[in-house]
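Just so you know, these numbers use all the heavy atoms, side chains as well, and skip hydrogens, waters and symmetry mates.
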Amino acid sequence: MRAVTGRTPHERRHDMSTQPLPPDRNQAILEAAKQVGALLKKHGHDFALAGSVAVYAHGGTGNFQHDADFCVRPEDADAVALTLGEAGLKVYTPPEDWLLKAKCLGQDIDLIFRLGGEPVTSELLDRSTELPVDSVFMPVLAPTDLLRSLIGAFSEHHCDFGAVLPIARLLREKVDWQEIRRERGGQPMPDAFLHLLERLDVITPPEGPAPQGGHS
C-alpha cells in the first residue's frame with residue numbers, strides 16, 4: 001500500500017540521502033576546547049586540559065566523549081567564569097558541587113575544581129605539560145594525573161571500564177602505575193580495574209603484597 005505522502009518510497013529515499021549530514025561533534029568539541037584554552041591563556045589563568053581532549057593531545061584518537069574538560073583551582077573558579085562570561089560564553093552552576101559549566105560553539109565545557117574527588121591544586125597544574133591541541137598550545141594534565149583522575153572517579157554508580165581501558169592502553173608507557181596503585185589500589189573499583197589491566201597484559205602485576213587502604 002502506498003503511503004499518504006503522495007511520494008514513492010524511491011522518492012522518499014532520495015530526499016533522505018540528499019539531506020546534509022549532521023555536524024562532526026568531535027570537531028566541534030575540539031574547536032570549543034581550542035577557543036576556551038586560548039581565552040584562558042590570554043587572560044593568564046592557571047589551568048590544565050583534562051578528559052578525552054587531553055587524551056587526544058597525548059596522541060589519542062579524536063573520539064571525544066561528551067565535552068571538553070578544564071581543571072582550575074577552586075579559588076580561581078569564579079575568575080575563570082567571569083573571563084568566559086565576559087567573552088560571551090554562557091556559564092552556569094550545575095547541581096554538582098565540584099565544577100562549573102559553560103557553553104562554547106554549542107558544546108559543553110566543564111570547569112572542574114575537584115578532580116577524582118580531590119581539589120585541583122597548584123601542584124597538579126604545575127605537573128601539566130604544554131602540548132598542541134591542533135594549532136593551539138595549552139597545558140595538558142600529565143598522563144599519570146589523567147589516569148589517576150579517571151580511575152579515581154570509579155564508584156558503584158559510575159564504573160565504565162570500557163571507556164578508560166583504551167586510554168590506559170594508549171598511555172601505559174607514560175604512566176607511573178606504582179604511584180596509582182599506591183594511591184588508588186586500596187579502593188574496590190580502581191583495584192578491580194588495575195587487576196583487569198594486569199589480566200589483559202596492559203600493565204605488569206606489582207611486586208610484593210597488594211596495597212591496603214587508599215583514599216576514601
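- For the pair Thr144 and Ile180, the minimum side-chain heavy-atom distance is below 4.5 Å.
- The list of side chain to side chain donor-acceptor pair (under 3.5 Å) pairs with a residue in residues 161-179, not counting sequence neighbours, reads Arg148-Glu179.
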Exercise for the section: Could you please spell out the steps behind the side-chain hydrogen bond (donor to acceptor under 3.5 Å, both in side chains) verdict for Glu31 and Gln27? Expected result: CA-CA 6 Å; Glu31 290 299 324; Gln27 188 62 35; 2.9 Å; yes

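- The shortest non-hydrogen separation linking Phe113 to Leu100 is CE2-N, 3.8 Å.
- Leu105 is not connected to Val53 by any chain of hydrophobic side-chain contacts under 4.5 Å among Ile, Leu, Val, Met, Phe, Trp and Tyr, and they are in different clusters.
- The nearest pair of heavy atoms linking Pro119 to Arg114 is CG-NH1, 3.3 Å.
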Please table the atom pairs, donor to acceptor, closer than 3.5 Å between any side-chain atom in residues 79-91 and protein atoms at least two apart or in another chain.
{"from": "Thr83", "atom 1": "OG1", "to": "His45", "atom 2": "NE2", "distance (Å)": "2.7"}
{"from": "Thr83", "atom 1": "OG1", "to": "Ala79", "atom 2": "O", "distance (Å)": "3.3"}

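- Atoms CD1 and CG, on Ile29 and Asn26 in that order, are 6.0 Å from each other to the nearest 0.5 Å.
- Heavy atoms only, all atoms of each residue included: Pro74 and Val120 are closest at CD-O, 3.3 Å.
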Exercise for the section: Please assess Val202 against Leu196 for the test side-chain contact (heavy atoms from CB on, under 4.5 Å), listing each intermediate value before the final yes or no. Expected result: CA-CA 9 Å; Val202 176; Leu196 175 64; over 6 Å; no

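- Applying the ring-ring contact (aromatic ring centres under 6.0 Å, His included) test to every pair with at least one member in residues 131-173, sequence neighbours left out, gives these pairs: Phe154-Phe161, Phe154-Phe193, Phe161-Phe193.
- When all heavy atoms of Ala28 and Gln107 are compared, the pair lying nearest together is CB-NE2, 3.5 Å.
- Put simply, CE on Met138 and OG on Ser128 are 11.5 Å apart, with the number rounded to the nearest 0.5 Å.
- The side-chain heavy atoms of Val72 and Leu125, taken from C-beta on, include no pair separated by under 4.5 Å.
- Between Glu130 and Lys41 there is a salt bridge, since a side-chain N of the basic residue sits under 4.0 Å from a carboxylate O of the acidic one.
- Side-chain contact check for Asp110 versus Lys101: some heavy-atom pair is nearer than 4.5 Å.
- Within the structure, the ring-ring contact (aromatic ring centres under 6.0 Å, His included) test picks out the following pairs touching residues 68-93 (sequence neighbours left out): Phe47-Phe70.
- Leu146 has its side chain out of reach of Val175: every pair of non-hydrogen atoms, C-beta onward, lies at least 4.5 Å apart.
- Taking CG of Leu131 as the start and NE2 of His58 as the end, the distance is 5.5 Å to the nearest 0.5 Å.
- Taking Asp78 as the reference, nothing meets the side chain to side chain donor-acceptor pair (under 3.5 Å) condition, with sequence neighbours excluded.
- Proximity of Pro94 to Leu99: side-chain heavy atoms (C-beta onward) are separated by under 4.5 Å at one or more points.
- Residues forming a side chain to side chain donor-acceptor pair (under 3.5 Å) with Glu198 (at least two apart in sequence, or on another chain): Arg181.
- Atoms CG and CZ, from Asp67 and Arg25 in turn, are 7.5 Å apart once rounded to the nearest 0.5 Å.
- With values rounded to the nearest 0.5 angstrom, Ile112 atom CD1 is found 16.0 Å from Arg73 atom CZ.
- Atom CG in Asp126 sits 7.5 Å away from atom CG in Asp46 (nearest 0.5 Å).
- Put simply, the side chain of Leu115 reaches to within 4.5 Å of the side chain of Leu141, judged on heavy atoms.
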